[in-house]
Peer 1: 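Supplied in structure tokens, the structure appears directly below.
Naming convention: chains lettered A, B, ... in sequence-line order (proteins, then strands); numbering from 1 in each chain. These numbers were taken from a predicted model, which means no experiment stands behind them. The basis for the numbers below is simple: all heavy atoms, side chains too, and nothing from hydrogens, waters or symmetry mates.
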There are 2 protein chains.
Amino acid sequence: MARSPLTEPRKHAAQKRSRATVDALIEATARILVTEGFEKASTNRIAETAGVSIGSLYQYFPGKEALVAAVIDRHHQEVMQVVRTALAEVASQPLEKAVRKLVAVAIEAHRIDPKLHRVLTEQIPRTGRLENVEAFNREALALFRNYLEQHRDEVRVADLDLAAFLCATAIEAVAHTAVLYRSDELTDAAFAALVDEATRLVVGYLK
Amino acid sequence: MARSPLTEPRKHAAQKRSRATVDALIEATARILVTEGFEKASTNRIAETAGVSIGSLYQYFPGKEALVAAVIDRHHQEVMQVVRTALAEVASQPLEKAVRKLVAVAIEAHRIDPKLHRVLTEQIPRTGRLENVEAFNREALALFRNYLEQHRDEVRVADLDLAAFLCATAIEAVAHTAVLYRSDELTDAAFAALVDEATRLVVGYLK
DNA sequence: GTAGAATATGAGCGATGACTCGCATTTGGT
DNA sequence: ACCAAATGCGAGTCATCGCTCATATTCTAC
């Protein structure tokens with residue numbers, strides 16, 4: 001079975017009006033995901049919410065999956081921007097200061113759009129082109145590993161890869177769980193305590 | 001809108017033949033989830049795979065969600081059994097020995113049925129009665145916290161709740177990620193190194 | 001101003017899936 | 001042996017969903 005040769009695999013870039021259409025569709029998808037959940041996010045509903053016809057939707061996206069993927073992408077861009085900036089800032093700072101900052105940033109990153117983040121992690125079946133939702137964690141891990149390498153003299157661990165994996169995984173999980181499931185308990189004081197302790201956890205291990 | 005008053009909310013226990021039917025249905029659901037994924041797990045398909053008619057399916061389960069919930073429950077029972085046993089075994093042991101054991105057990109627990117665990121965490125939309133998929137982590141957390149309380153003299157932390165949260169979250173995440181995404185790299189040697197280092201991470205922090 | 005390309009529209013098709021209901025079969029008690 | 005309850009059956013209903021296509025509108029360039 002060959003691909004449908006009739007209608008071109010719809011994609012096309014935009015010439016202006018269409019840009020707005022595409023944006024509206026992505027935005028609508030994100031809105032529905034947050035307010036109604038993944039199950040309610042049908043293509044018809046997305047088009048309707050975006051104020052666009054289904055026909056137009058399919059002119060720019062091959063299907064629902066692509067819409068959701070676009071939303072995920074957008075969110076990841078925002079998150080990774082924060083993470084990259086933080087790691088650049090911290091590149092020349094000593095271990096403890098750096099780790100403290102990174103922990104704080106991890107929490108901040110999860111706070112960018114917690115509701116969307118939650119839907120993305122809890123309701124999106126990681127299938128097809130959505131399998132790689134966690135792939136961006138790999139980039140964060142690589143960046144962190146790189147920092148450790150630059151500061152090898154400050155760290156006392158046998159295996160850098162393993163250490164980076166442990167620390168990055170721990171930090172991500174703590175930030176994730178705290179923001180998504182303990183946001184109510186997360187006052188400013190609690191936030192500070194959490195950062196303090198998570199920093200101790202990681203720094204104590206690294207040296 | 002009241003509940004449908006006509007047909008009783010189907011549930012009923014069993015009288016023997018039906019027990020087998022129910023088991024077959026749960027087993028079929030698990031099998032399909034693992035081999036085909038959540039999307040393919042339609043009620044019709046489940047019934048067919050179980051060698052049972054759809055009518056019978058709906059006699060014991062109000063819907064697809066309930067089937068999946070049953071599978072999740074079964075899996076959680078197995079996992080929690082392992083965790084509970086380990087924590088009992090470890091109750092009177094000193095910190096380092098205890099933590100080492102718990103780390104190893106966390107990994108083992110994730111290895112009980114990795115494929116199912118993966119589908120459960122990645123493909124099941126946490127919605128409706130499936131929202132609480134992570135709820136059992138709370139029990140594990142409580143058990144661990146309890147251990148720490150019994151060994152308060154061995155631990156040097158200001159806030160026990162916070163410490164338990166950090167350690168339990170970190171251990172779970174490390175075990176989860178290692179088993180699900182690094183299983184290929186997880187030779188016996190790597191396993192030992194992982195346990196060593198994770199233990200150092202946690203113990204170093206706690207005292 | 002006009003042609004043709006780009007963009008937008010939405011009724012409707014085909015597929016699938018959750019679920020019902022009337023009826024058949026089995027079981028256990030007597 | 002018999003019957004009422006329990007269990008099992010599966011064709012068929014209804015709703016929804018993803019997606020197409022023939023047509024209409026708008027834009028751009030000349």
Side-chain angles (χ1 to χ4, degrees), chain A residues 1 3-26 28-29 32-33 36-70 125 127-130, chain B residues 1 3-26 28-29 32-33 36-70 123-125 127-130:
Chain A
M1 294 183 194
R3 307 310 182 74
S4 52
L6 281 170
T7 36
E8 288 240 66
R10 3 212 167 11
K11 29 180 182 170
H12 322 306
Q15 83 165 184
K16 179 155 195 188
R17 199 170 29 140
S18 48
R19 263 297 202 281
T21 302
V22 169
D23 283 355
L25 285 168
I26 296 177
T29 305
I32 295 178
L33 285 178
E36 320 257 350
F38 178 77
E39 301 199 300
K40 297 293 181 69
S42 67
T43 49
N44 286 315
R45 198 141 165 51
I46 291 170
E48 186 191 8
T49 302
V52 158
S53 77
I54 334 111
S56 295
L57 185 154
Y58 280 96
Q59 224 144 68
Y60 301 105
F61 297 93
K64 175 180 172 176
E65 231 182 51
L67 258 323
V68 175
T127 278
R129 70 193 64 202
L130 267 32
Chain B
M1 296 185 192
R3 306 309 182 74
S4 52
L6 281 170
T7 36
E8 288 239 67
R10 1 210 167 14
K11 28 182 184 173
H12 323 305
Q15 83 164 183
K16 180 154 196 190
R17 201 170 25 143
S18 49
R19 263 295 202 281
T21 303
V22 169
D23 283 355
L25 285 167
I26 296 178
T29 306
I32 296 178
L33 284 178
E36 318 258 349
F38 178 77
E39 300 198 302
K40 297 293 181 68
S42 67
T43 50
N44 287 316
R45 198 141 164 52
I46 291 170
E48 187 192 6
T49 302
V52 157
S53 78
I54 333 112
S56 295
L57 185 156
Y58 280 96
Q59 224 145 65
Y60 300 105
F61 297 93
K64 176 179 171 175
E65 231 183 48
L67 259 322
V68 176
Q123 291 188 34
I124 310 283
T127 276
R129 70 194 63 200
L130 267 33

Peer 1: Listed in order of residue number, which residues of residues 36-49 of chain A have a non-hydrogen atom at under 4.0 Å from DNA chain D?
Peer 2: S42(A), T43(A), N44(A)
Peer 1: Can you name the nearest heavy-atom pair linking Q123(B) to F38(B), along with the distance?
Peer 2: OE1-N, 3.0 Å
Peer 1: Taking only N and O in the side chain of S56(B), is any of them less than 4.0 Å away from OP1 or OP2 of dT7(D)?
Peer 2: no
Peer 1: Would you kindly give the NZ-to-P distance between K64(A) and dC19(D), to the nearest whole Å?
Peer 2: 10 Å
Peer 1: Quick one: closest heavy-atom pair of L67(B) and L57(B), and the distance?
Peer 2: CD2-CD2, 3.7 Å
Peer 1: Which nucleotide, dT7(D), dT20(D), dA11(D), lies nearest any side-chain atom of I54(B)?
Peer 2: dA11(D)
Peer 1: Looking at dG8(D), I'd like to know if its phosphate oxygens (OP1 or OP2) sit under 4.0 Å from a side-chain N or O belonging to Y60(B).
Peer 2: yes
Peer 1: Report the nucleotide, chosen from dA6(D), dC9(D), dT20(C), that has the shortest atom-to-atom distance to any side-chain atom of Q59(B).
Peer 2: dC9(D)
Peer 1: Write down the distance between CZ (R19(B)) and P (dT27(C)), rounded to a whole number of angstrom.
Peer 2: 17 Å
Peer 1: Under the salt bridge (Lys or Arg N to Asp or Glu O under 4.0 Å) rule, what pairs show up with a residue in residues 45-54 of chain B, not counting sequence neighbours?
Peer 2: E36(B)-R45(B)
Peer 1: Starting at atom CG of L57(B), determine the distance to atom P of dG17(C), rounded to an integer number of angstrom.
Peer 2: 14 Å
Peer 1: Over all heavy atoms of both residues, which pair between L33(B) and I124(B) is shortest? Give the atoms and the distance, please.
Peer 2: CD2-CD1, 4.3 Å
Peer 1: Would you mind telling me which of dA8(C), dT9(C), dA18(C) lies closest to the side-chain atoms of R17(A)?
Peer 2: dA8(C)
Peer 1: Does some side-chain heavy atom of T43(B) sit less than 4.5 Å from a side-chain heavy atom of Y58(B)?
Peer 2: yes
Peer 1: Can you list the residues that meet the side chain to side chain donor-acceptor pair (under 3.5 Å) rule with S53(B), with sequence neighbours excluded?
Peer 2: S56(B)
Peer 1: Between A70(A) and I26(A), which heavy-atom pair has the shortest distance, and what is it?
Peer 2: CB-CD1, 3.9 Å
Peer 1: Tell me which of E65(B) and S53(A) sits closer to the 5' end of DNA chain C, going by the nucleotide each one is nearest to.
Peer 2: S53(A)
Peer 1: Among dT7(C), dT7(D), dT20(C), which nucleotide has an atom closest to any side-chain atom of S18(B)?
Peer 2: dT7(D)
Peer 1: Measure CZ/F61(A) against P/dA8(C) and give the value in whole Å, please.
Peer 2: 12 Å
